[in-house]
Amino acid sequence: QVQLVESGGGSVQAGGSLRLSCVASEYMYSRYSMGWFRQAPGKEREGVAVIDSNGFITYVKSVKGRFTISQDKAKNTLDLQMNRLKPEDTGLYYCAASPNVYYTENTRYAADMYGDWGQGIQVTVSS
């Protein structure tokens, strides 16, 4: 099982930026699909951005144009640059990995398709 550890969360005002990073216990580049998910209080966990093992990147509509997912091959990290943050971006953010490639939006953003998870890190955006 892959160990994933997130860092970089915190509290910002609306319009601000944060950068999340996820380091993996084994080499992930081109071997795993990796994604960022988030869960707000009282809501289900939702997919935010995914980069698959072929390098194909997708974003959920609510963050498109504001968030950027990337991988640092040398550091073996998965990063999420979050700009123009909104209060509705508040939640616990998780890094996740799967050895599979998913070709539909439903499966790419389905939490139960990913078997390895980080512990989560809090992002709070105040208005």
Side-chain angles (χ1 to χ4, degrees):
Q1 191 168 3
V2 179
Q3 306 298 317
L4 303 169
V5 179
E6 302 98 339
S7 62
S11 298
V12 293
Q13 289 192 326
S17 298
L18 283 173
R19 187 177 182 87
L20 305 182
S21 188
C22 170
V23 62
S25 60
E26 63 181 75
Y27 194 66
M28 309 295 281
Y29 190 78
S30 298
R31 296 180 61 223
Y32 283 80
S33 293
M34 299 194 72
W36 286 98
F37 290 73
R38 66 186 180 190
Q39 189 165 17
K43 293 189 176 181
E44 292 189 357
R45 193 170 299 188
E46 64 167 349
V48 173
V50 172
I51 179 167
D52 70 23
S53 55
N54 298 320
F56 186 64
I57 292 174
T58 57
Y59 300 93
V60 69
K61 186 178 179 181
S62 61
V63 307
K64 201 174 291 186
R66 300 188 297 121
F67 290 13
T68 303
I69 188 172
S70 62
Q71 286 181 299
D72 188 317
K73 185 179 178 181
K75 296 180 181 178
N76 197 32
T77 60
L78 178 75
D79 301 316
L80 185 69
Q81 177 65 42
M82 306 184 292
N83 297 328
R84 304 200 309 277
L85 283 159
K86 303 176 180 180
E88 51 263 43
D89 294 319
T90 293
L92 201 57
Y93 280 68
Y94 297 89
C95 173
S98 168
N100 302 315
V101 177
Y102 303 109
Y103 296 99
T104 68
E105 189 167 305
N106 286 345
T107 52
R108 287 175 69 84
Y109 296 123
D112 56 7
M113 292 292 174
Y114 294 78
D116 298 303
W117 290 86
Q119 79 286 356
I121 194 161
Q122 181 67 36
V123 171
T124 303
V125 185
S126 57
S127 57

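Start at 1 with the first residue, then count along the sequence.
Under a 3.5 Å cut-off, the side chain of S21 and the backbone N or O of S7 do not form any donor-acceptor pair. Proximity of a side-chain donor or acceptor of Y102 to a complementary backbone N or O of A110 within less than 3.5 Å is not detected. For the pair D52 (side chain) and N54 (backbone), a donor-acceptor distance under 3.5 Å is present.
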Using the rule given for side chain to side chain contact (heavy atoms under 4.5 Å, CB included), can you reason through F56 versus V101, listing the C-alpha separation, both sets of side-chain angles and the distance that settles it, and then say yes or no?
CA-CA 10 Å; F56 186 64; V101 177; over 6 Å; no
Stepwise, does the side chain to side chain contact (heavy atoms under 4.5 Å, CB included) test hold for V50 with I69?
CA-CA 7 Å; V50 172; I69 188 172; 5.6 Å; no
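Annotation: side chain of Y32 is not in contact with side chain of S53 (no heavy-atom distance under 4.5 Å). Side-chain atoms of W36 and C95, non-hydrogen and from C-beta on, do get closer than 4.5 Å to each other. Taking 4.5 Å as the limit, some side-chain heavy atom of D116 sits within range of a side-chain heavy atom of Q1. Within the 4.5 Å cutoff, no side-chain heavy atoms of Y114 are placed close to those of R45. Looking at heavy atoms from C-beta onward, Y27 lies in side-chain contact with K73 at the 4.5 angstrom threshold. Residues M28 and L78 have side chains not in contact (no heavy-atom distance under 4.5 Å, counting atoms from C-beta outward). With contacts defined as side-chain heavy-atom distances shorter than 4.5 Å, the pair D89/R66 qualifies.
Here the straight-line distance linking atom OH of Y94 with atom CG of L4 works out to 13.0 Å at 0.5 Å rounding. From F67, atom CZ reaches atom CZ of R38 across 5.5 Å, with rounding to the nearest 0.5 Å. Taking CG of D79 as the reference point, atom CG of L20 lies at 8.5 Å (rounded to 0.5 Å). Rounded to the nearest 0.5 angstrom, N76 CG and S25 OG are separated by 8.5 Å. Here CD of E6 is found 12.0 Å from CD of Q122. Values are rounded to the nearest 0.5 Å. A distance of 9.0 Å separates CE in M34 from OG1 in T77, rounded to the nearest 0.5 Å.
Atom OH of Y29 has 12 or fewer heavy atoms from other residues, nucleotides or ligands within 6.0 Å. More than 12 heavy atoms of other shown residues, nucleotides or ligands fall within 6.0 angstrom of atom CD in E88. Atom CD of Q13 has 12 or fewer neighbouring heavy atoms from other residues, nucleotides or ligands inside a 6.0 Å radius.
Among all heavy-atom pairs drawn from A111 and W117, the shortest one is O-CZ2, 3.3 Å. Across all non-hydrogen atoms, the minimal contact from S33 to N100 is OG-O, 2.6 Å. Nearest heavy-atom pair across R84 and S17 is N-OG, 4.3 Å. Taking all atoms of both residues into account, the shortest heavy-atom contact from A14 to S127 is CB-CA, 4.3 Å.
Under a hydrophobic-cluster definition in which Ile, Leu, Val, Met, Phe, Trp and Tyr are linked whenever side-chain heavy atoms come within less than 4.5 Å, directly or via other members, V63 and L18 are assigned to the same cluster. Residues M113 and V60 are members of separate hydrophobic clusters, defined by side-chain heavy-atom contacts under 4.5 angstrom among Ile, Leu, Val, Met, Phe, Trp and Tyr. There is a path of hydrophobic side-chain contacts, each under 4.5 Å, that joins V12 to V48. Hydrophobic clustering (side-chain heavy atoms under 4.5 Å, transitive across Ile, Leu, Val, Met, Phe, Trp, Tyr) keeps F37 apart from I57.
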